[in-house]
2 protein chains.
Amino acid sequence: MKREERPRRATIHDVARSAGVSAATVSKVLRGVATVRKENADRVRTAVAELDYRMDPLASSLRNESRRIIGAVVPDLESPFFGALVTGLQDAAERAGYHLIVASSRESEEREAELVARMNDWRVAGTLLAPVRSERGRGAETLRALDMQAVLVDRVSDDERYDTVSADNYQASANVADFLLGLGHRHVLLHGATQVSKAIRTRLAGFTERAKALDAGVQVDTVLSDADADVPHRSICKYFETRAPADRPTAVFSLSQHSTLRVAAELRRRGIRVPEDIALVGFDDADWMQTTWPSITAVAQPVHTMAEHAMATLLARIEGNNDGAPVQHLEACEMLVRESAGPETEVPRRRTRGN
Amino acid sequence: MKREERPRRATIHDVARSAGVSAATVSKVLRGVATVRKENADRVRTAVAELDYRMDPLASSLRNESRRIIGAVVPDLESPFFGALVTGLQDAAERAGYHLIVASSRESEEREAELVARMNDWRVAGTLLAPVRSERGRGAETLRALDMQAVLVDRVSDDERYDTVSADNYQASANVADFLLGLGHRHVLLHGATQVSKAIRTRLAGFTERAKALDAGVQVDTVLSDADADVPHRSICKYFETRAPADRPTAVFSLSQHSTLRVAAELRRRGIRVPEDIALVGFDDADWMQTTWPSITAVAQPVHTMAEHAMATLLARIEGNNDGAPVQHLEACEMLVRESAGPETEVPRRRTRGN
DNA sequence: TATCATCAATAAATCGATTTACAGAATTTG
DNA sequence: CAAATTCTGTAAATCGATTTATTGATGATA
């Protein structure tokens, strides 16, 4: 009977003793190094099973320069998008034998920089950063300053230092322009809840540039506003308030999920019917959009693919399988056409432009 | 000039050397132990600032039996509820000087058990487990088997071994019963997407028992179904299909957010108007519920308070400030009355019971 | 003044793994 | 058969902190 009152966990030395070999040999077997006689390897494996041995990832990581830990910093964990992203990252990291440490910057750039520094404290092998703002934000800056291995995800465009992975916001928004103008809309409102996010700026540019290219006479209004408080709500209110019904846009393209919610709420509040009076397309799909009435046409981001690709890219860098120039990877999005805007819907009021 | 090609991070020994003291002294200063002469303490702090020293949490944790790491295992990260829970936990853990390691069991009990074991591998000081099923599931079982410090959150009732924290599902559901019966409803459908979750079973019991107590003649139908695939969808379909409009319930109480979405979709599909034909109350509030039409009356869970309380409870156990019997803590919920069911709404078709 | 506490500081052990450097055995080569 | 080479296995160093045991120095007490 053991002397310890509490059954201490078996260490690699216990396994070694039980198998009648040295700790170094056990380590070799566990890490799959070939230079071990089969007989000894078997005895080690038996001892591991018998003692119910499990490696301490902390002790294991300490010795090595490259620790088998990957950090992920995302702007928030309460939105399904980043929730799904993190879930995908965790899955991919585990499959590659890495641990994932997750932290939310809660949309604060200051916190983001601190979290990146903290990931560096953990001596992570690499970091996946979904910046609050863009590849020029404080988090990315800290990555550079600390010379860390990293991949930037979402809310980014290309970068001279890091690989980036994001939805093809530009192309997807251009497609929305094609779609809405194809339906005959010539006066569109763009609404975005924040001017901070690079992704949202890109969506705005994608739509606007394509729309102008298709028809220079198109009227594109924009209501942009900084994030916090109810400012975005009030600004969209004011837009509709100060605008005669005859001068209303015939379609709205909301540039984020949050924004879509705002717009839908405001339209309902004012009794403006969708899609009869106004068509609505939102960027970023959500469960509820197919259930609400009318169901909402939305651009869906392939979040799982993005997670997969981002992790694969990072791992390639970490493991030295890629030392080429940084690559900007864009994932194609899909537009899910629903009731709030679609071919069956006529354009509300066709008006020829010309003030 | 240093000889290293890459500027190695400063260690505690570098700080010690720079301050002209021993590593042990530096450690004392950093951990706030009093037995250090003020002059030396100041020199240490200066050296820390100069060398830009940051402690390696990994190395720091290794020596101590109780590592300053807390594990959190939740059923999923894609729902706002658990996302918010994790955010709250992370905040609380950080304030107490702990690191939080998060993992999603993805609604799999097997994975849950494995993740709990993995938290034990990290030698976490304690674990917050939001079980897939209940306090009797595989994760909790593993916690017990490994004799870990833990607090169980959500989807649990009381437990003889661990403190638990959850919304007061029973009372909140009883309140829904009071509310709906108070409005005159005498035939209610309860719909839950899964029979697995303890929380949902409790909500069912809370409503049913109170309803029966208020009026033994109340008719409560239940459509329960196991999670995956589209089974829940089909079962709610069938319910309405095989039921003459005259025999329809006058209200639905959906027992989860997901379920609310299902029910709302199905009612719309069949052209059943809410609240004119049928009233709807959902358990678990979401952003979109105040925007959708009609806006949906829902029970909101105080998720941030729950996170706060759960972490406080765990820390008290860890730090030995509490060795009393395990406590079941219930957080009161709030019902947000909106258009889908409310006092202004008349009960659709009043019918006297009696088959 | 001699003896006993008290206080500050440190050297060395420790946590649990990995890795390095080296030794002995087995095998191949000249 | 001796020398060179390859295989296996181990002792010891290492990662970066914390903790323990111990040593001096200082102050208090008899």
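Below, read A as the first sequence line, B as the second, and so on, with proteins coming before strands; counting in each chain starts at 1. Here the structure is a predicted model, which means the values were calculated and not measured.
- Note on B/N40: every side-chain N or O is 4.0 Å or more away from OP1 and OP2 of C/dA8.
- Side-chain N/O atoms of B/N64 include none lying less than 4.0 angstrom from OP1 or OP2 on C/dC15.
- The separation between B/R67 atom CZ and C/dT14 atom C1' is 13 Å, rounded to whole Å.
- Contact annotation: B/S60 side-chain N/O to D/dA17 OP1/OP2 distance is not under 4.0 Å.
- A/T25 comes within contact range of at least one nucleobase, with a heavy-atom separation under 4.0 Å.
- Taking CD of B/Q328 as the reference point, atom CG of B/D159 lies at 9.5 Å (rounded to 0.5 Å).
- Considering only side-chain atoms of A/K28, the nucleotide from C/dT18, D/dG9, D/dT19 that sits closest is D/dG9.
- Using modelled atom types, one finds no donor on one side chain facing an acceptor on the other under 3.5 Å when comparing A/N120 with B/R54.
- Nearest-nucleotide mapping onto DNA chain C: of B/R37 and B/R63, the residue sitting toward the 5' end is B/R37.
- Across all strands shown, A/T11 has heavy atoms under 4.0 Å from sugar-phosphate atoms exclusively, and none from any base.
- Taking 4.0 angstrom as the limit, B/S27 places a side-chain polar atom (N or O) nearer than this to OP1 or OP2 of D/dT18.
- Put simply, CZ on A/R9 is 10 Å from P on C/dG16, counting in whole angstrom units.
- D/dT19 atom P lies 11 Å from atom CZ of B/R68, rounded to whole Å.
- A/R95 contributes atom CZ, which lies 9.5 Å from atom CE of A/M311 (distance to the nearest 0.5 angstrom).
- Between the side chains of B/S108 and B/S105, not a single donor N or O lies within less than 3.5 Å of an accepting N or O.
- Rounded to whole Å, atom P of C/dA9 lies 17 Å from atom NE2 of B/H13.
- Nucleotide C/dG16 holds its C1' atom 14 Å from the CH2 atom of B/W122, rounded to whole Å.
- The CD1-C1' distance, from B/I12 to D/dT18, rounds to 8 Å in whole Å.
- At the heavy-atom level, A/V26 lies nowhere under 4.0 Å from the strands shown.
- The 12-atom threshold is not exceeded at CD of B/E110, counting heavy atoms of other residues, nucleotides or ligands nearer than 6.0 Å.
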